[in-house]
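As structure tokens, the structure follows; a few thoughts come after it.
Order of the sequence lines fixes the chain letters, A, B, ..., with proteins taken first and strands second; residue numbering starts at 1 for each chain.
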There are 2 protein chains.
Amino acid sequence: MDTKGSSLLPEGAKARLVYLSLKDEIADGRLADGDNLPGEQRLAETFGVSRVTVRRALDALSADGLIERRVGSGTVVRANGFGKKPVAMDFTTLMPQLVEMGQSTTARLLSFSYGPAPDFVARAMKLGADEKVQIATRVRSADDRPFSHLTTYVPETIARNYSEHDLATTPLFKLLERSGVHIGDAQQSVSATLAGPEVAEALEVAVGSALLSLRRVVRDETGKGVEYLSALYRPDMFRLEMALTRVGSGSSRHWEPAIGKTEADVA
Amino acid sequence: MDTKGSSLLPEGAKARLVYLSLKDEIADGRLADGDNLPGEQRLAETFGVSRVTVRRALDALSADGLIERRVGSGTVVRANGFGKKPVAMDFTTLMPQLVEMGQSTTARLLSFSYGPAPDFVARAMKLGADEKVQIATRVRSADDRPFSHLTTYVPETIARNYSEHDLATTPLFKLLERSGVHIGDAQQSVSATLAGPEVAEALEVAVGSALLSLRRVVRDETGKGVEYLSALYRPDMFRLEMALTRVGSGSSRHWEPAIGKTEADVA
DNA sequence: CCGACCTGTATTATGCATAATACAAATCTG
DNA sequence: CAGATTTGTATTATGCATAATACAGGTCGG
């Protein structure tokens with residue numbers, strides 16, 4: 001019952017890639033539980049590596065309990081290790097949907113400090129030159145399995161209104177509005193990045209794993225930034241979801257978000 | 001000039017680790033623009049590797065335009081490299097915003113066939129058991145630089161209404177509606193994944209790069225799937241963006257998408 | 001102006017990842 | 001049963017990442 005994540009990831013570049021690729025395919029369902037994957041020779045050709053290299057990747061997957069190898073028969077996917085449905089967050093409401101399995105999330109504070117805002121933060125938040133911000137990094141876990149790594153920047157004048165302890169327990173929105181901030185609008189953008197060493201350790205993934213990256217700037221009614229969020233999510237445990245409806249008619253027909261209609265069966 | 005994306009991330013395990021570490025520190029501002037980082041010998045000791053290894057990491061960072069090396073003086077951070085504006089797509093309207101640079105996108109058809117739908121596609125689209133689909137893969141480029149890799153699945157009965165040539169020139173939406181399909185709603189989810197060999201080649205990135213992954217199921221008014229899209233985007237050239245507004249009052253205060261208000265200056 | 005520190009370059013040596021190949025044992029299929 | 005395919009295992013060879021070291025040439029501060 002260990003399933004300690006990627007305790008034994010292949011050192012070599014190629015083997016690691018095969019390992020991560022297959023793990024990804026299993027994680028998002030392209031390789032479903034019970035499927036038996038191509039033979040080692042076949043995989044070697046597909047990835048353009050030798051069979052030895054494929055084997056090293058499969059060794060790691062096997063150690064993770066994600067596959068089961070049978071001599072003569074082949075290798076089948078044992079996706080039970082991943083069986084837990086990922087946490088989904090509705091992109092429009094910003095609310096995680098954890099209800100499904102009675103999941104409860106916990107937050108752990110990794111670092112906490114006050115200091116000058118990094119350039120790109122100051123620019124996005126339209127802060128004054130030397131304005132200081134609170135910089136907090138925390139990791140959220142569901143069922144003791146970390147799925148998101150969050151770094152927030154909040155202007156010091158606002159951040160002084162709540163404590164370090166508040167941050168570990170209460171969503172930042174609540175804290176902001178409780179501090180008298182009138183939230184106006186937000187702008188978020190999504191991309192992808194690779195897991196660096198520190199983040200990898202915090203999220204218990206292999207260095208070089210793919211992560212979903214989200215940046216959000218929240219402004220108050222005057223247009224001044226009150227929160228800058230830089231979030232990294234484990235793709236195997238987290239998804240951004242969104243429902244759209246086609247409305248209008250003729251040439252003005254267009255898409256419109258259907259809030260709260262997220263269905264979980266897309267993947 | 002060239003700035004060929006992150007095509008050259010170090011092969012070796014240690015060098016890559018140093019590379020990712022430093023890139024992370026630059027990305028989140030711990031190493032700000034203009035800072036000059038420790039000497040190569042110093043870095044080598046810090047990371048517990050040889051100077052040669054550090055150099056390989058720095059070579060990659062330099063190729064990414066993130067640092068600038070000066071003989072005798074030292075190495076300084078050039079965080080501007082993150083500033084190159086990528087193609088942005090509004091998550092709510094599904095419309096790419098290319099106007100900024102007069103970019104025009106072109107599409108290239110990589111493969112095209114009819115066959116049985118993969119399991120996860122059939123499940124998501126609620127297709128009949130042996131229902132065949134058209135499977136098309138194409139790559140979109142802006143200024144001859146590929147940024148997205150799209151695979152679409154469309155039920156054969158619908159797909160027969162347009163030609164292979166149509167697919168390379170006209171957005172799929174148009175084709176569907178022209179085929180008499182009444183589009184009802186869509187469900188999309190976003191995640192991240194690693195670039196496999198084929199995709200890496202098509203997108204001209206290194207194998208093992210992080211890619212933004214988007215899946216979308218479009219249904220008609222009866223709820224039957226008419227399109228399944230699996231898209232992969234280069235994060236250095238593409239972003240999903242979305243603007244939100246805080247509306248309502250009191251306890252019913254919540255977020256709502258602000259369509260068409262995307263601002264480009266978040267990153 | 002001199003010494004300290006920096007990047008650039010070269011050399012040699014070692015270990016590990018990878019490739020290529022062959023064969024054994026188990027399993028499935030016709 | 002026979003042949004094909006699979007995983008398991010072993011062997012050998014090669015290339016590359018890394019380490020350790022040395023030195024040349026530029027830059028900066030005292």
Check your understanding: Does a nitrogen or oxygen in the side chain of B:Thr75 sit under 4.0 Å from OP1 or OP2 of C:dT7?
Key -> yes
Point to revise | Rounded distance (Å) that lies between atom P of C:dT27 and atom CD of A:Glu68 | key: 13 Å
Review point. Contact class for B:Gly12 vs. all strands (heavy atom < 4.0 Å): base, sugar-phosphate, or nothing?
Key: sugar-phosphate
**Study point:** Between C:dA17 (C1') and A:Leu17 (CG): distance, integer Å
**Key:** 14 Å
**Study point:** Interatomic distance, A:Phe47 CZ vs C:dA19 P [rounded to whole Å]
**Key:** 13 Å
**Study point:** Interatomic distance, A:Lys14 NZ vs C:dC16 P [rounded to whole Å]
**Key:** 18 Å
Review point. For the pair made of CG in B:Asp59 and P in C:dT9, what is the distance, rounded to whole Å?
Key: 10 Å
Review point. Touch check for A:Arg51, heavy atoms < 4.0 angstrom, all strands: base, sugar-phosphate only, or nothing?
Key: base
Check your understanding: Okay, side chain of B:Ser62, backbone of B:Leu58: is any donor-acceptor separation there less than 3.5 Å?
Key -> no
Revision key, fill the gap. Rounded to whole Å, CG of A:Asn36 lies from P of D:dT6 at a distance of 10 Å
Practice item. Report the nucleotide, chosen from C:dT27, C:dA20, D:dT18, that has the shortest atom-to-atom distance to any side-chain atom of A:Val52. Key: C:dA20
Check your understanding: So does B:Thr53 get a side-chain nitrogen or oxygen closer than 4.0 Å to the phosphate oxygens (OP1/OP2) of D:dA19?
Key -> yes
Point to revise | From C:dA26, C:dT7, D:dT9, nucleotide with atom closest to A:Arg55 side chain | key: D:dT9
Study note, to complete from the structure: Between CD of A:Glu45 and C1' of C:dT21 the distance, given in whole Å, is 14 Å
Check your understanding: Nearest nucleotide by nearest heavy atom, which residue falls closer to the 5' end of DNA chain D, B:Arg16 or A:Leu58?
Key -> A:Leu58
Review point. Counting side-chain heavy atoms from CB outward, which of C:dA19, D:dG8, D:dT18 is closest to B:Ser50?
Key: D:dT18
Exercise for review: State whether the number of non-hydrogen atoms from other residues, nucleotides or ligands found under 6.0 Å of A:Glu201 atom CD is greater than 12.
Suggested key: no
Point to revise | Euclidean distance, atom CZ of residue A:Arg69 to atom C1' of D:dG8 [Å, nearest integer] | key: 9 Å
Check your understanding: Salt bridge between A:Arg70 and A:Glu68, side-chain N to carboxylate O under 4.0 Å?
Key -> yes
Review point. Which residue lies toward the 5' end of DNA chain C, A:Arg56 or A:Gln41, if each is placed at its nearest nucleotide?
Key: A:Arg56
Review point. Looking at the side chain of B:Glu40, which of C:dG8, C:dT18, D:dG8 is the nearest nucleotide?
Key: C:dG8
Review point. Got a salt bridge between A:Arg234 and A:Asp236, using NZ or NE/NH1/NH2 to carboxylate O under 4.0 Å?
Key: yes
Check your understanding: How is B:Arg70 classified with respect to the nucleic acid when contacts are heavy atoms under 4.0 Å: base, sugar-phosphate, or nothing?
Key -> sugar-phosphate
Point to revise | Nearest-neighbour nucleotide for the A:Val71 side chain, C:dA19, D:dG26, C:dA26 considered | key: C:dA26
Check your understanding: Taking A:Glu25 for the side chain and A:Leu22 for the main chain, is one N or O donor matched with an acceptor at less than 3.5 Å?
Key -> no
